[in-house]
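Labels below follow one simple rule: chain letters A, B, ... track the order of the sequence lines, proteins then strands, and each chain is numbered from 1.
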Amino acid sequence: MSLPDKFLKPFDAQSIEDGLYAKWLASGLFNPDVCIEKGYTKPDAESFSIVLPPPNVTGTLHTGHAFMLAIEDIMVRYNRMQGKKTLWIPGTDHAAISTESVIVKQLSKEGTTKFKIGREEFLKRVNTFAQESHDTIVGQTKKMGASLDWSREAFTLDEQRHRAVVTAFKTMYDDGLIYRGDRIVNWDPKGQTTVSDDEVDREEETSKFYYFKYGPFVIGTARPETKFGDKYVVMHPDDARFSEYAHGQKIELEWINGPMTATVIKDTAIDMEFGTGVMTITPWHSAIDFEIAEKYNLDKEQIIDMYGKLLPIAGEFAGMKIEEARAKIVEKLDAKGLLVKIEDNYKHQKAISQRTKATIEPQIMKQWWIDVNKPIAKRDNLSLKELMLRAVREDGVAIIPDRFEKIYFNWIENLRDWNISRQIWYGHQIPVWYDKENNVHLPREQKFIFTRHGESQANLDKVYAGQADSPLTTLGKEQALDTAKKLHGKNISKIISSDLSRAYDTAQIIAKELGIDNIETWKELRNMDLGNTTGTPLPDNSTSSKFTKKTMIDIGIEYSDGETLQDLEKRAHEVIKKLQKSSSEGVILIVGHGQFTRILLSVLNGDKGNQILDNQRKITIDNLQIYEKTLFLNPTGENLTQDSDTLDTWFSSGLWTFSTLGWPENTNDLKIYHPTSILETGHDIIFFWVARMILMSTYLLGEIPFKTVYMHGMVLDKNGKKMSKSNPETAIDPLLTIEKYGADALRMAMIVGVGPGQDVTLSEDKIKAYSKFANKIWNATRFVLEQTNADDLQTKPVLDQEHAEYINQWNTLSTEITKEMDEFRYYLVSEKLYHFFWHTFADIVIEKCKSDMNDSARYTLRYLLHRQLITLHPFMPFITEEIWSSLYPDGDLLMITPWKSAE
RNA sequence: GCGCGAUUAGCUCAGUUGGUAGAGCAGCUCGUUUACACCGAGAAGGUCGGGGGUUCAAGUCCCUCAUCGCGCACCA
């Protein structure tokens with residue numbers, strides 16, 4: 001009969017949720033390494049991994065994110081309770097164009113532009129904004145109860161992901177998959193950038209359709225303003241009406257700005273039924289026309305500039321905006337007697353930029369492209385397109401619900417080369433440099449070897465013990481010489497060393513042995529921020545230095561002189577950046593101090609935060625081992641300029657399943673958690689993201705990025721409209737909802753009855769209903785706690801037949817549920833759990849037990865509550881964990897309680 | 001135009017190899033002060049969009065039409 005006071009009041013989600021999340025974080029159990037360390041997960045357990053689809057750093061969490069987090073957290077918590085090595089990696093996406101445009105708008109309000117403030121200043125502003133958004137989003141994600149391993153958090157634009165991007169780009173370039181070419185692009189005149197085919201929306205428009213005399217022909221067009229340069233007239237070769245004209249025939253005619261010569265082209269691309277069956281082409285501003293021009297090697301001329309104004313070729317109309325010029329051109333043609341007629345009801349689809357809503361103007365530009373049709377030698381001579389098809393057809397990527405597989409195939413079959421250049425500043429700048437002759441230079445591989453100074457821990461211990469008085473003793477020298485031996489034949493051409501004595505002395509000994517005179521000293525390589533007090537700053541042949549034991553204590557235990565782990569991590573990144581600017585014909589040797597070198601290597605391996613503490617210890621360079629590492633370095637040379645464009649944001653997102661696991665390094669994470677188990681995301685980004693991840697992973701790693709793709713639907717309001725900022729009246733703010741009803745209620749409202757791929761209609765009524773459910777659980781628990789105690793479950797009494805029947809019912813249900821969990825049928829499981837708890841456990845079992853509260857009844861009540869809490873946990877993590885802690889105040893957390901014990 | 005879905009109770013939706021229709025919410029009636037009014041009990045409510053076919057048997061499989069939604073490609 002132990003009833004905590006909190007049960008005397010209705011369930012109050014708000015008062016417990018933040019505290020519970022903090023408790024989970026403090027336990028460290030969101031990190032699978034900790035679960036193994038503490039014995040909750042077997043080291044050889046099966047792994048289960050998900051990468052969080054990274055929210056854009058453009059603002060706040062919306063209901064779509066909440067929906068995604070609810071589903072994924074159920075998957076993750078369930079699998080963790082199944083005893084799997086479970087990893088869910090958080091991160092955010094820099095979302096290039098979207099994020100950049102937020103700042104562009106801000107600047108415009110301030111009366112300035114990005115060009116006025118310059119690239120560097122602009123990026124500083126974007127980064128500040130991105131950081132703020134990131135912090136907001138992370139806070140909101142935690143409110144949902146998401147059990148993400150924050151120690152592995154990634155960002156699509158951070159330094160580790162940048163190395164992945166450069167490696168991917170370079171690899172694709174070397175394989176001939178990335179090329180630069182003049183091609184027709186979707187130009188967004190408002191955003192001043194190109195966008196990919198997938199970033200273009202179509203909008204129906206009714207406009208005028210004009211018929212003009214063009215020599216002996218009548219041509220139809222909706223865009224008279226593009227017609228100035230048209231000097232090719234195209235018709236179908238089988239069209240009897242034009243059989244008198246021959247391909248290549250020249251015709252003199254009068255056109256907008258005077259007489260000109262037109263050339264007849266016969267091509268089957270023409271639809272004989274449409275318009276007059278004959279057209280002129282404008283290759284610079286139309287994809288179809290461009291193809292025809294390429295086919296016959298025709299001239300191409302730009303008519304409209306990047307701001308949507310007519311160029312000098314338009315004669316008197318030069319400098320005019322399209323809208324303005326159109327009517328005037330028609331007027332002029334009419335005056336010249338060339339206008340035949342105008343139709344008013346021409347319906348067609350206008351291309352609109354998804355991000356800026358501006359009308360797309362096709363243009364020809366030099367851009368970087370990914371060739372999706374070129375056979376790749378190292379991938380069975382399959383093209384990227386074929387790799388993407390094979391992944392789903394044969395290599396085991398299952399898409400749920402499976403109708404999306406058809407949509408996926410349909411898209412790939414129509415796929416054209418991917419334009420990856422963006423004319424914006426925020427993003428991964430294209431890793432290509434041009435010299436004066438416009439030759440292309442890419443990053444090159446530079447090999448580094450890391451080692452530490454010639455002084456072992458054992459040697460230092462002697463110093464501490466007073467058995468030696470110099471840190472670089474004879475023994476230390478010998479060790480330095482040993483290292484030098486190992487480096488013979490490694491083609492070392494340059495040495496970079498810390499500027500403090502022990503490392504510098506070692507570097508000098510090695511340099512002398514190897515006959516190298518090129519030594520640089522970097523103070524960033526110092527062990528810790530020792531300043532001038534504890535180490536002897538250079539120079540020369542000093543063999544002793546002042547030091548304290550404090551500075552020698554393993555960094556994992558204590559940081560010296562106030563430099564925190566974050567500071568060290570930051571410094572490591574600075575060093576890596578500096579290394580990337582170092583360059584040498586041969587191998588560069590880095591001689592550092594033990595602890596910092598290990599941290600540096602750990603960061604180079606892709607570790608973050610606390611992982612560095614754990615993993616740097618595993619890097620064994622103590623006994624003067626050498627550690628080899630290859631980095632891509634920017635090319636060096638006279639007058640090289642980097643391409644000013646950035647990469648399409650989906651280029652870096654495409655690497656997400658493995659860049660988050662440390663690729664291009666061959667990390668343990670990568671070995672254990674890739675391919676990931678499930679990719680859970682909205683069906684609206686199947687092409688943008690899912691397809692691109694399959695492309696990148698099958699090509700770069702030769703393996704699929706995930707085994708299962710689970711697509712969720714869109715969140716709709718009660719009127720069936722997609723919830724968005726554009727209709728704020730009915731939009732539900734997840735944060736306000738959590739405050740009012742609790743995260744558990746919101747999660748349930750989004751899960752119950754919502755199958756894969758199905759849109760959720762979210763209404764406040766539904767959320768309210770599940771907050772009532774939470775209260776029901778709360779009160780039933782109160783009753784059970786009042787009537788029973790923990791001992792009732794210790795020994796199983798002989799059960800009354802009635803009670804045995806209830807338990808039997810539960811066991812049957814529980815087995816069924818486990819099967820359904822494995823089939824992703826959360827919408828069914830949640831409903832069944834709800835129903836059993838309320839209408840069997842509460843309405844029948846508890847009511848029956850009231851009349852005869854014997855041992856059998858008490859056991860049954862305890863048993864059923866215990867089991868139900870376990871199965872409900874993935875769905876309603878907060879309330880179940882809270883109740884669990886009241887049932888078992890000294891027990892383990894519910895989040896790592898084995899799922900099997902629910903059966 | 002091509003493709004993909006959806007159409008089941010007033011609303012939102014389940015219904016997994018075909019076996020005589022289910023849940024939640026809302027509404028209705030009655031009840032209830034010691035787990036819970038954020039409650040309980042009960043009744044009502046659907047010729048499963050129309051038509052056709054296969055079958056002993058069709059919400060479920062096939063064909064067709066209608067309506068709605070989504071995706072892709074678009075034609076000067």
Side-chain angles (χ1 to χ4, degrees), chain A residues 3 7-11 197-198 200-202 204 209-212 219-224 226-227 230 233-235 269-282 285-289 292 346-351 401-416 683-684 686-687 713-714 716 718 720 722 741 745 748-749 752-755 757-787 819-820 823 825 827-828 830-832 834-835 838-839 842-844 846-847 849-850 861:
Chain A
L3 183 69
F7 285 103
L8 298 175
K9 289 178 290 190
F11 176 60
D197 292 344
D198 302 289
V200 176
D201 280 340
R202 306 280 167 174
E204 185 157 289
F209 196 70
Y210 308 88
Y211 291 89
F212 302 118
I219 57 156
T221 184
R223 300 200 58 192
T226 64
K227 296 285 145 201
D230 289 11
V233 59
V234 192
M235 57 213 73
I270 290 290
D271 177 359
M272 288 190 273
E273 308 295 313
F274 185 84
T276 57
V278 55
M279 70 170 183
T280 59
I281 57 166
T282 316
H285 301 290
S286 155
I288 296 274
D289 297 2
I292 296 173
Y346 178 58
K347 278 194 184 129
H348 66 128
Q349 303 289 111
K350 195 165 73 168
D402 56 11
R403 66 188 153 90
F404 285 107
E405 290 187 4
K406 293 178 193 162
I407 297 177
Y408 174 83
F409 292 138
N410 186 280
W411 178 78
I412 290 177
E413 275 148 20
N414 293 314
L415 187 62
R416 293 185 289 181
H683 65 64
D684 54 337
I686 180 167
F687 309 132
M714 302 294 106
L716 309 178
K718 60 185 172 193
K722 187 172 170 179
Y741 299 109
M748 282 295 274
V752 178
V754 184
Q758 194 186 313
D759 294 344
V760 208
T761 310
L762 192 61
S763 66
E764 192 161 341
D765 279 346
K766 194 171 178 189
I767 302 163
K768 205 191 271 177
Y770 290 102
S771 73
K772 282 188 188 179
F773 179 49
N775 193 57
K776 188 77 182 177
I777 298 174
W778 193 249
N779 280 301
T781 301
R782 172 180 165 182
F783 178 81
V784 175
L785 284 177
E786 277 173 354
Q787 302 294 327
K819 185 167 170 276
E820 285 166 346
E823 293 166 351
R825 302 160 85 85
Y827 61 104
L828 270 184
S830 51
E831 190 178 327
K832 285 178 180 175
Y834 172 92
H835 203 246
W838 202 309
H839 299 297
D843 290 349
I844 300 173
I846 288 184
E847 292 306 320
C849 287
K850 274 181 188 172
L861 290 174

K.L.:
Which nucleotide wins on minimum distance to the side chain of E786(A), given the candidates A35(B), G40(B), C72(B)?
P.N.:
A35(B)
K.L.:
Nearest whole angstrom, please: distance from the P of U12(B) to the CD of E764(A).
P.N.:
18 Å
K.L.:
Look at the side chain of E847(A) against the base of A35(B) and say whether a donor-acceptor pair falls under 3.5 Å; ignore hydrogens and angles.
P.N.:
yes
K.L.:
What integer number of Å spans the P atoms of A23(B) and G42(B)?
P.N.:
12 Å
K.L.:
Just say parallel, tilted or perpendicular for the rings of F209(A) and F274(A), cut-offs at 30° and 60°.
P.N.:
perpendicular
K.L.:
Quick check on G40(B): is either OP1 or OP2 less than 4.0 Å from any side-chain nitrogen or oxygen of K850(A)?
P.N.:
no
K.L.:
With a 4.0 Å cutoff (strictly under), does any side-chain N or O of H835(A) reach OP1 or OP2 of G24(B)?
P.N.:
yes
K.L.:
Rounding to an integer number of angstrom, what distance separates G59(B) and G49(B) when you compare their C1' atoms?
P.N.:
12 Å
K.L.:
Of all the choices, C39(B), G71(B), G24(B), which nucleotide is nearest to the side chain of K772(A) once you look at every atom?
P.N.:
C39(B)
K.L.:
What integer number of Å spans the P atoms of U47(B) and U55(B)?
P.N.:
28 Å
K.L.:
Closer than 4.0 Å, any side-chain N/O of W838(A) to the OP1 or OP2 of G40(B)?
P.N.:
yes
K.L.:
Could you give the distance separating C75(B) and A58(B) at their P atoms, to the nearest angstrom?
P.N.:
49 Å
K.L.:
Considering only side-chain heavy atoms of Q758(A), which listed nucleotide, C13(B), A35(B), C4(B), is closest?
P.N.:
C13(B)
K.L.:
Between C25(B), C75(B), G5(B), spot the one nearest the side chain of R403(A), thanks.
P.N.:
G5(B)
K.L.:
For the rings on Y770(A) and Y741(A), is their centre-to-centre separation under 6.0 Å?
P.N.:
no
K.L.:
Please list all pairs meeting salt bridge (charged side-chain N to carboxylate O under 4.0 Å, His left out) that have one or both residues in residues 763-783 of chain A, counting only residues at least two apart or in different chains.
P.N.:
K740(A)-E764(A), R782(A)-E786(A)
K.L.:
Picking from C36(B), G71(B), C25(B), which would you name as closest to the side chain of N779(A)?
P.N.:
C36(B)
K.L.:
Determine the Euclidean distance between corresponding P atoms of G50(B) and G31(B); express it in Å to zero decimal places.
P.N.:
41 Å
K.L.:
Ignoring the backbone of D765(A), work out which of C25(B), G5(B), A41(B) is nearest its side chain.
P.N.:
C25(B)
K.L.:
Looking only at atom C1', what distance separates U67(B) and G51(B), rounded to whole Å?
P.N.:
15 Å
K.L.:
In whole Å, what separates the C1' atom of U60(B) from that of G19(B)?
P.N.:
11 Å
K.L.:
Should the ring pair H835(A) and H839(A) be called parallel, tilted or perpendicular, given that the plane angle runs from 0 to 90° and is split at 30 and 60?
P.N.:
tilted
K.L.:
Heavy atoms only, 4.0 Å cut-off, all strands: where does I219(A) land among base, sugar-phosphate and nothing?
P.N.:
nothing
K.L.:
When Watson-Crick pairs (N1 to N3 and N6-O4 or O6-N4) and G-U wobble pairs (N1-O2 and O6-N3) count only below 3.5 Å on both distances, what is the dot-bracket string of RNA chain B, with | for other-strand pairs?
P.N.:
(((((((..((((.....[..))))..((((.......))))......(((((..]....))))))))))))....
K.L.:
Protein-nucleotides 16-19 of chain B N/O pairs closer than 3.5 Å?
P.N.:
| residue | atom | partner | partner atom | Å |
| --- | --- | --- | --- | --- |
| U16(B) | O2 | R825(A) | NH1 | 3.4 |
| U16(B) | O2 | R825(A) | NH2 | 3.1 |
| U16(B) | N3 | R825(A) | NH2 | 2.8 |

K.L.:
Are the side chains of F687(A) and I407(A) in contact, using a 4.5 Å heavy-atom criterion?
P.N.:
yes
